[in-house]
Amino acid sequence: MEKTKAFLSRKEIDASEVQNLRSILKFHEHRYYIKNDPLISDREYDQLYKALEWIEKESPDLVVPDSPTQRVATGLTKDFPSVAHLVPMLSLDNSYNEEDLLDFDRKARELTGLTEIEYCIEPKFDGASISLVYENNQLVRGATRGDGVEGDNITPNIKQIRTIPLSAAFSDYGIETVEIRGEVLINKNNFAAFNKKLVEQGVAPLANPRNASAGTLRIKDPLEVKRRNLEAFVYHVSYYTAKPSAGEKNSPGQDYLGTHSGTLEMLWELGFRSPELEKKVLKGIQEVVLYCQEFESKRDDLPYEIDGMVIKVNDFLLQERMGMTTHHPRWAMAFKFKARQATSKLTRVEFQVGRTGNIGPVAKIEPVHIGGVTVGSVSLFNEDVIREKDIRIGDTVLVERAGDVIPYIVKPLVELRQGNETPIQFPTLCPSCNDVLIKAPDEAAWRCVNINCPAQVLERLMHFASKDAMDIRGLGGALIEKFYSMQLLDSIPGIYTLDFDSVGKLEGFGARSIDNLRSAIEASKRQPLHRLIYALGIRYVGETMAKTLANSITHLMDLQNLDEEALQKLEDVGPKVAGSVVQFFRNDDNIDLLQQLESLGLQLQNEKRVMGSEGSLTGQSFLFTGSLAVLKRSDAEAMVEANGGKIVSGVSSKLNYLIVGADAGSKLEKAKKIASIHILSEDEFLKMIAYHTK
Ligand code: IVH
């Protein structure tokens with residue numbers, strides 16, 4: 001903004017340039033509010049908006065009545081009947097750093113004449129805005145934001161959202177009619193599950209939970225809406241009328257209706273999901289800044305998306321005194337977290353061969369900063385995704401990196417095409433070994449089925465040595481590639497017969513590093529059996545599944561004798577896993593590999609079973625969910641196993657104990673319905689372990 005100001009103040013601004021800026025803003029508002037398909041990030045929009053605000057402030061004669069600064073927003077979709085909101089739905093002003101917040105506080109103090117102000121701070125939910133009207137305790141209407149003055153009446157869809165009560169005892173608080181604002185969301189787990197289904201059906205996944213919720217609200221089939229498990233947070237009472245009989249002084253609502261935090265509490269008591277648990281009432285802006293920063297660091301751990309915090313002056317009388325602009329109230333401010341979207345140019349596409357031969361297209365983009373990380377490569381997942389989104393080489397693409405989710409391309413910015421963009425050609429031959437690629441009818445990925453394909457061999461070696469598998473410290477990807485290219489290593493048994501004389505002759509290899517590598521390789525021979533099973537890279541066998549398999553046998557070769565039926569009797573083993581395990585053990589090359597590994601001294605016995613690591617938790621199964629406060633998940637699981645207990649991956653009647661950390665989700669809900677499962681807190685679990693290991 002400072003740069004924009006400096007730039008603008010250097011030149012005379014004429015009316016047509018301002019008009020231009022206005023039409024750009026209107027275009028982007030239309031994309032965002034009406035089409036739910038923005039082309040620029042919120043931050044970029046705000047910069048444009050603030051530039052216009054600043055110009056109009058500097059040159060008031062250029063202000064026109066229909067400037068975006070003079071009204072809320074534009075347009076309406078016509079799919080549902082329009083309804084007028086009881087009170088216009090204003091937006092929020094945005095801030096991005098501490099300085100902006102200090103500025104907000106300074107203005108608030110000026111406007112109120114107070115030296116210190118009490119604020120209520122709550123998350124800024126990243127979903128789709130709604131308004132709800134209750135009359136005589138009944139939900140009578142739910143609407144989208146629309147242009148802020150009128151929205152779409154989507155009551156049948158709103159009624160499918162479980163967190164919105166169909167009736168609520170507002171009369172107990174002396175209220176007859178009330179309008180509430182909130183945000184409809186789809187939580188991260190439901191979103192991931194929904195997208196997984198789309199991908200399985202061969203449909204392109206949705207860009208983000210916000211689009212998913214906004215899109216779902218406009219679906220004309222309420223049953224489909226129900227299936228998508230939307231949720232709603234409510235955070236603002238915009239209007240209410242008192243019940244005629246409740247006008248007297250002692251109306252119970254008065255305890256709640258004087259402050260914003262009071263209304264959140266009332267809504268919570270009435271059964272709404274208001275941010276009662278997340279909100280904080282604080283005096284003075286420094287505390288507010290700290291709370292915003294604290295929440296930003298927790299952002300990725302929350303089950304739903306938030307894109308910032310909202311700071312509201314708590315006292316309604318003060319709010320009234322401060323008033324509002326045509327765009328936003330002066331008593332509230334959004335504090336936006338660091339952006340997670342950016343645009344960049346897609347320069348080329350690489351095709352990588354995965355461990356199981358799957359061909360993964362990877363977009364190379366001009367490096368761009370997103371949320372503190374530089375992103376230069378973005379997975380394109382598979383050919384269907386490329387075709388669905390029509391991504392081309394040379395496109396400007398919108399890239400998102402949301403916390404723990406790997407970066408992905410939201411979409412190409414088709415409007416910015418120059419005409420020289422080229423479609424991405426998917427290879428027909430393996431880029432590593434030149435074998436013909438194959439696509440199974442029920443799969444989205446093209447695959448190279450040549451077991452000796454060099455790229456696959458490398459990937460298998462890297463997986464085998466990786467931290468969660470055999471954990472051979474020092475034998476990382478770069479070294480494996482080097483050894484492979486020098487023909488020092490081309491198979492898993494080769495790790496254990498590595499020619500250290502030749503390795504010693506390589507540049508950068510001293511006696512010390514050779515010793516370290518030798519002992520890391522040696523130590524890996526004693527890794528527990530489940531790690532070896534995982535390290536083999538059998539399709540669909542992840543870490544938990546590897547444990548289940550290891551626990552069911554005394555020697556790895558026992559798996560040779562289990563058919564699909566027997567395997568499916570094990571916890572969580574379905575036909576896909578069973579089929580894959582059987583296929584692996586029917587392959588003579590694999591049996592040969594295992595025999596070689598055993599003769600090289602690797603541990604194929606299940607030591608725990610052989611040595612009878614029976615403990616006080618033998619026969620008991622455990623599952624951890626949510627984030628633990630004290631223990632690392634892997635340490636907690638190791639404690640269970642050290643005492644003879646078993647870790648399972650899902651909630652079923654076979655589960656004995658569910659240990660619940662913060663923000664536990666669907667597993668906890670499911671477990672509550674099965675009476676035989678003991679639900680423990682982390683604290684109770686620690687006490688139990690202490691008791692058992694006494
Ligand atoms: S208060 C009159 N509180 O953010 C003020 N808005 O960027 C009403 N939003 O239009 C808004 N979380 O859709 C408020 N805790 C929260 C919010 C919130 C998300 C949305 C809302 C608003 C948009 C502004």
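Keep in mind the model is a prediction, meaning the values are calculated, not measured. Scope of the values below: all heavy atoms of this structure, side chains included, with no hydrogens, waters or symmetry mates. Start at 1 with the first residue, then count along the sequence. Order of listing sets the numbers, starting from 1, for every ligand and every atom in it.
Distances between N or O atoms of H236 and those of ligand 1 include no value under 3.5 Å. For the pair N94 and ligand 1, the shortest N or O to N or O distance does not fall below 3.5 Å. For ligand 1, the polar-atom distance check against E183 finds a nitrogen or oxygen pair separated by under 3.5 Å. Looking at ligand 1, you won't find any N or O of W331 less than 3.5 Å from one of its N or O atoms. By the 3.5 Å distance cut-off applied to N or O atoms, P329 is not counted among the residues near ligand 1.
Here the heavy atom of the protein found nearest to atom 12 (N) of ligand 1 is F125 N, 3.0 Å.
In the vicinity of S129, heavy-atom distances shorter than 4.0 Å reach the ligand 1 atoms 10 (O), 13 (O), 21 (C).
Contact annotation for V310 and ligand 1: only side-chain heavy atoms (C-beta onward) come within less than 4.0 Å of the ligand. When heavy-atom distances to ligand 1 are checked against a 4.0 Å cut-off, Y235 comes that close only through its side chain, counted from C-beta outward. With a heavy-atom cut-off of 4.0 Å, P123 touches ligand 1 through its backbone alone. Contacts between K312 and ligand 1, counted as non-hydrogen atom pairs separated by less than 4.0 Å, involve the side chain only. Contact annotation: for R181 versus ligand 1, heavy atoms closer than 4.0 Å belong to the side chain alone.
Note that K298 lies in the cation-pi zone of F295, set by a 6.0 Å cut-off to the ring centre and a 45° limit from the axis.
Note on E669 versus K672: salt bridge recorded, some NZ/NE/NH1/NH2 to OD/OE distance being below 4.0 Å. Taking the charged nitrogens against the carboxylate oxygens, K312 and E122 do have a contact shorter than 4.0 Å, which makes a salt bridge.
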For Y96 and D46, what are the C-alpha separation, side-chain angles and deciding distance, and is it a side chain to side chain donor-acceptor pair (under 3.5 Å)?
-> CA-CA 11 Å; Y96 296 97; D46 286 335; 2.3 Å; yes

For salt bridge (charged side-chain N to carboxylate O under 4.0 Å, His left out), just list the numbers for K280 and E294, CA-CA rounded to whole Å, side-chain angles, deciding distance to a tenth of an Å, and then say yes or no.
-> CA-CA 12 Å; K280 208 155 200 167; E294 183 191 320; 5.2 Å; no

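By the 30° and 60° cut-offs, the orientation of the rings of Y119 relative to F104 is tilted.
Here the two rings, on Y304 and F233, have centers that are under 6.0 Å apart.
Between S627 and D301, the side chains place no donor N or O within less than 3.5 Å of an acceptor N or O (distance only, hydrogens not considered).
In this structure, S91 counts as a contact residue of ligand 1, since one of its heavy atoms falls inside 4.0 Å of the ligand.
Atom 23 (C) of ligand 1 has its nearest heavy-atom neighbour, among K279, E122, K124, Q319, in K124.
V83 and A143 get closest at one heavy-atom pair: CG2-CB, 3.7 Å.
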